[in-house]
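Just so it is clear: chains get the letters A, B, ... in the order the sequence lines come, proteins before strands, and each one is counted from 1.
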2 protein chains.
Amino acid sequence: MYYWAVVRTKDPSIRALLIDRAAQMLRTRRPVTLRSLVAGTGASTMAVYTYFGGMEGLWKALRQEGFTRLAAELAKVPATADPVRDLAALSAAYLSNAMDNPDLYRVMFDATFELEDSKAADETLHCLVRGVERAKSAGRFRDDIDPLELAVQGWAIGHGLASLVTTGPLPRQALAHGVPLLTALFVSAGDDPGRCRRSIEQGWEQVRL
Amino acid sequence: MYYWAVVRTKDPSIRALLIDRAAQMLRTRRPVTLRSLVAGTGASTMAVYTYFGGMEGLWKALRQEGFTRLAAELAKVPATADPVRDLAALSAAYLSNAMDNPDLYRVMFDATFELEDSKAADETLHCLVRGVERAKSAGRFRDDIDPLELAVQGWAIGHGLASLVTTGPLPRQALAHGVPLLTALFVSAGDDPGRCRRSIEQGWEQVRL
DNA sequence: GGGAAAACATAGCATTGCTATGTATTATTG
DNA sequence: CAATAATACATAGCAATGCTATGTTTTCCC
């Protein structure tokens, strides 16, 4: 009787537990299926429906979890006196996160985006936008640069590399192409070539790839 | 008796038929399942196993088909007197192909690459490498530029844009970011900024996006 | 023609996501 | 505090999935 009362006490954290378990199963490359997900948790298959409304809801929650973790990683990158260096560190952190959780990264982009997904991704993009604005304020970029546009272009570079490496066509060391790519982009935005190169190489080393 | 003989005559093109049908089902966003694929073709479910060895083999064949079609589209881009303009036209054709068959494009990159997939993708990449070599020969890029590296960097840009647009986070008009991105990349490779910009804008217009 | 090999159809299996139904637990009243 | 409404949960079962086993037909090769 007693232990039943304990076990059966409503536990809203079971939602987070299932998400974590799914993320871990993705990391260990085990197929995430309805029954295999709830097996071992004590919960029944219905838990997925009460908490997520079905498997599709679970994937959506997993996508948001992926963006949340990504945003947390990006938030760890400190703002130094060199905003271009910080932008490179942000990009490196983006790639590092994708390399640490390649399957979760794939899930984040495999289904067509919905409103909720876009909101989760917005925080990631906004992080880059703020970095570009800081670089503008520091006089590294031209005044006519649109921070959002430059951030999107940087995102395209980062996602292109991350996607091509995690899916296999490019080897992991191809991530190093990020340095010349970002340098080219930021120089085109007005930064001094030599100074830009040094900043980016410094920022790149901030993150273990 | 007679019509049976006609119908049952071994037809090796049934393999291509199934691939085409699967590609069309992807385009019309109908779920490609074993039974729905063979329904209407007169073939039974076993055809998928005799020709592809299972559904996974079908997906692999579809990936190769996707790269083959992509290579055919890229081959249509003519080589003019302006190799930088041709490189932009190649990139635009790459994006155009992805926009025309977004689901096929996603299938091409959703599973981890195997040897056969890499061989199919090689032709695509080699197309860009040749373009870079022509630009070097024309004196547009510096002598120390590695054609393969620059081609890979261009591929990362193209795939990043194509992937972010087909999966939803970026709207279709974001493809226009390809112009400044390629300009930045090729200027960093040594091309004259003004001339590069003009070449790329011209090449970009060669393809309907 | 006749035998070997490949292609094919049928039927059935285990597993998938999901729903219907009934039961237990929680919360919300009077 | 008890009675009722609402929610969470377990069980069982359904249609559909990919796949395999088995037997039959067709094609190839001598």
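- When rounded to the nearest whole Å, the span between CZ of R30(B) and P of dT17(D) equals 13 Å.
- Using the six-membered ring where Trp is involved, F109(A) and Y105(A) have ring planes that are tilted, between 30° and 60° apart.
- In this structure the side chain of S91(A) reaches within 4.5 angstrom of the side chain of L182(A), judged on heavy atoms.
- For the pair Y49(A) OH and dA10(D) P, the computed distance is 15 Å after rounding to whole Å.
- With rounding to whole Å, R15(A) atom CZ is found 13 Å from dC9(D) atom P.
- Looking only at side-chain heavy atoms (C-beta outward), E123(A) and L70(A) stay at 4.5 Å or farther from each other.
- Nucleic acid contact for A43(A): sugar-phosphate only, since backbone atoms but no base atoms lie under 4.0 Å from a heavy atom of the residue.
- Atom CG in L37(B) sits about 12 Å away from atom P in dT17(D), given to the nearest Å.
- Separating the NZ atom of K60(B) from the P atom of dG18(D) is a distance of 17 Å, rounded to the nearest angstrom.
- Between M55(A) and S44(B), the residue anchored closer to the 5' end of DNA chain C is S44(B), taking for each the nucleotide with the nearest heavy atom.
- If you take CG of L34(A) and P of dA10(D), they are 13 Å apart, rounded to a whole angstrom.
- Here the closest non-hydrogen pair linking I14(B) and A43(B) is CD1-CB, 3.7 Å.
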Kindly indicate, with the supporting measurements, whether the criterion side chain to side chain contact (heavy atoms under 4.5 Å, CB included) is fulfilled by L58(B) and L37(B).
CA-CA 11 Å; L58(B) 174 77; L37(B) 177 66; 3.7 Å; yes
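- The listed nucleotides are dA8(D), dG18(D), dC8(C); the one nearest the side chain of T50(A) is dA8(D).
- Proximity note for Y51(B) (side chain, C-beta onward) versus dT17(D), dC18(C), dC8(C): the nearest is dC8(C).
- We find that CG of L17(A) is positioned 16 Å from C1' of dC9(D), with the value rounded to whole Å.
- Classification of the F141(A)-F186(A) ring pair by plane angle, with boundaries at 30° and 60°, yields tilted.
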Polar-atom pairs under 3.5 Å, protein N or O versus N or O of nucleotides 12-14 of chain D: list them with distances, or write none.
from    : atom 1 : to     : atom 2 : distance (Å)
dG13(D) : O6     : R35(A) : NH2    : 3.4

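- Shown are R27(A), R30(A), R29(A); of these, the salt bridge (Lys or Arg N to Asp or Glu O under 4.0 Å) with D103(A) is made only by R29(A).
- In this structure, L18(A) atom CG and dG17(C) atom P are separated by 13 Å, rounded to whole Å.
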